[in-house]
Amino acid sequence: MIEVKNLFKSYDGEFVLNDVSARFEQGKCNLIIGRSGSGKTVLLKSIAGLIEVDEGEIWYDDQKFSHLNTTSRQKIRKEMGVLFQGAALFDSLTVEENVLFPLDMFTGQQRKEKLDRANFCLERVKVTGSNDLFPAELSGGMKKRVAIARAITLNPRYLLCDEPNSGLDPETGIVIDNLISSLTEEFNMTTIVNSHDMNSVLEIGDNVIFIYKGCKCWEGSRKEILQTDNEALNNFVFATNMAKQIKN
Amino acid sequence: MSLLTQIGVYFLLMKRAFSQPEKFSILYRQTMREIEKTGINSFPIVVVISLFVGAVITIQTNFNIENPLLPKYLVGVTVRDSLLLEFSSTMVALILAGKVGSSIASELGMMRITEQIDALEVMGVNSASYLILPKVIAAVLFFPILCLLSIMVGIAGGYFSCVLADIIPPSEYIYGIQYAFYPYYIGYALTKMVFYAIIITSVSSYFGYYVKGGAVEVGKSSTRAVVQSSILILLANLILTRTILQ
Ligand SMILES: Nc1ncnc2c1ncn2[C@@H]1O[C@H](COP(=O)(O)OP(=O)(O)OP(=O)(O)O)[C@@H](O)[C@H]1O
Ligand SMILES: [Mg+2]
């Protein structure tokens, strides 16, 4: 379980997070949705501790993460898998080395064992036969998928994903969504996914939080989202003509 | 940021960089990579520059010693001492600040703006220790070797100019190289080089590590890294010379 309480963050006097409180349950896919620029990435990075919030608390289970020092945070972070919006693969390492990296760093396994694990993770994100390529030689969507593989190598307890399927075709996008959802169930992880893709919302959103201009303005499940009378959310959900037609 | 804040942030970063590494096997592997990247790859430039500088000092010194009462072997002595005391440590360090410093700053800066440093941090890796410590160790181990190399190649450069351009008889030159030689000077040069190695790698890492923004800032920070480490090298040279050579 991850919980944030009354987060505030402003840049140059403009609030990017304005009193955001939310609870992200274990074993569920928690989605943060919102328009581009609404503050999703800032919220996710604050949860990971990469951005220091101005005010508020962040809890990982029973630990008050926001008030820990770097060394204590490191302990929690070892159980965290994070996917960045821009993938953030290590560009001096090959695909395989990228996925091996957490294993090399934190386990004492034999090389064979580590390689098996890395290849297993790469297979799950459907990247095979590219082990020796460097990130610069991959397509955008492949980078994303390799980054997901790297995030899940150590079976994290907390999985934070910033737009895992942006830049992917709808088919692969759904494969990734389902992968995240099944891993969440399988390992009982606490998963938070940033998205602005309605497909993923309807596919995997157990608990959905809608961020509008830095405020949490709606929370509910994927079933409730279609019946909402919240105007901002309605505009977001039924943005396309196709969606509007389905609604009417 | 004020200068004082910058110094504070620099020392805090170094404290993190010099904390106990996650795994010694990884530190070893990274250090070897850095030795190859910064040390071995600096061989050619150090060789070329030292060769020419050795030759030029020989020609110039000979040109300046016009007095027939001064023995010709003084050219050898001058070449040796200029290399030992100043060129092979301080000047080579300034060259390395340009080559190694800018590459460290831009590498780390690039990693910062593409969120690779954040990715390390959220994995629970101490990114400062993982990225900076191997660079410092590699330089501390390898820069003194580059210094020795520069001394030897510089002396050889002088010798070649004697042979090829007929400056002074090569035997006089060799006699001069050996004349009144204090092995202590080598220790002095190597000590300076160790300090320079720490300055170049840590200062450049600091500038790269804290880049904010985009490609332009990465470029700026790499320039700043070179300028600042050069200034600090000259300052350290003054202080070390004053304290070591009494
Ligand atoms: N370092 C920063 N300095 C100043 N403003 C920032 C900074 N980071 C983010 N912002 C501002 O915060 C707001 C929210 O940005 P954020 O990246 O969280 O959006 P997002 O919801 O993730 O959008 P997208 O879906 O496009 O990724 C934006 O208006 C952005 O300009
Ligand atoms: Mg974003």
Interchain contact, B:E121 with chain A, by part (heavy-atom threshold 4.5 Å): both

Residue part contacting chain B, namely of A:R73, when any heavy atom lies under 4.5 Å: neither

Ring-ring centroid check B:Y206 B:Y210, cutoff 6.0 Å: yes

Using a 4.5 angstrom heavy-atom cutoff, name the option from A:S92, A:G49, A:A88 with the most pairs to chain B. A:A88

Between the side chain of A:K216 and the main-chain N/O of A:S21, is any donor-acceptor distance below 3.5 Å? yes

Identify which part of A:K75 has an atom lying under 4.5 Å from any heavy atom of chain B, answering side chain, backbone, both or neither. neither

Within 45° cone and under 6.0 Å: A:R157 NZ/CZ vs A:Y60 ring: no

Looking at B:E107, B:M111, B:E22, B:R29, which has the largest count of heavy-atom pairs under 4.5 Å with chain A? B:E22

Applying a strict 4.5 Å limit to non-hydrogen atoms, the region of A:I51 in contact with chain B is neither

Are B:Y130 and A:F101 an aromatic pair, judged by ring center distance below 6.0 Å? yes

Tell me, side chain or backbone of A:L154 under 4.5 Å from chain B's heavy atoms, or both, or neither? neither

Is it true that B:S202 and B:Y10 share a donor-acceptor pair across their side chains at a distance under 3.5 Å? yes

Is it the case that more than 12 heavy atoms not belonging to A:K28 sit under 6.0 Å from its NZ atom? no

Below 4.5 Å from any heavy atom of chain B, which atoms of A:T71 appear? Answer side chain, backbone, both or neither. neither

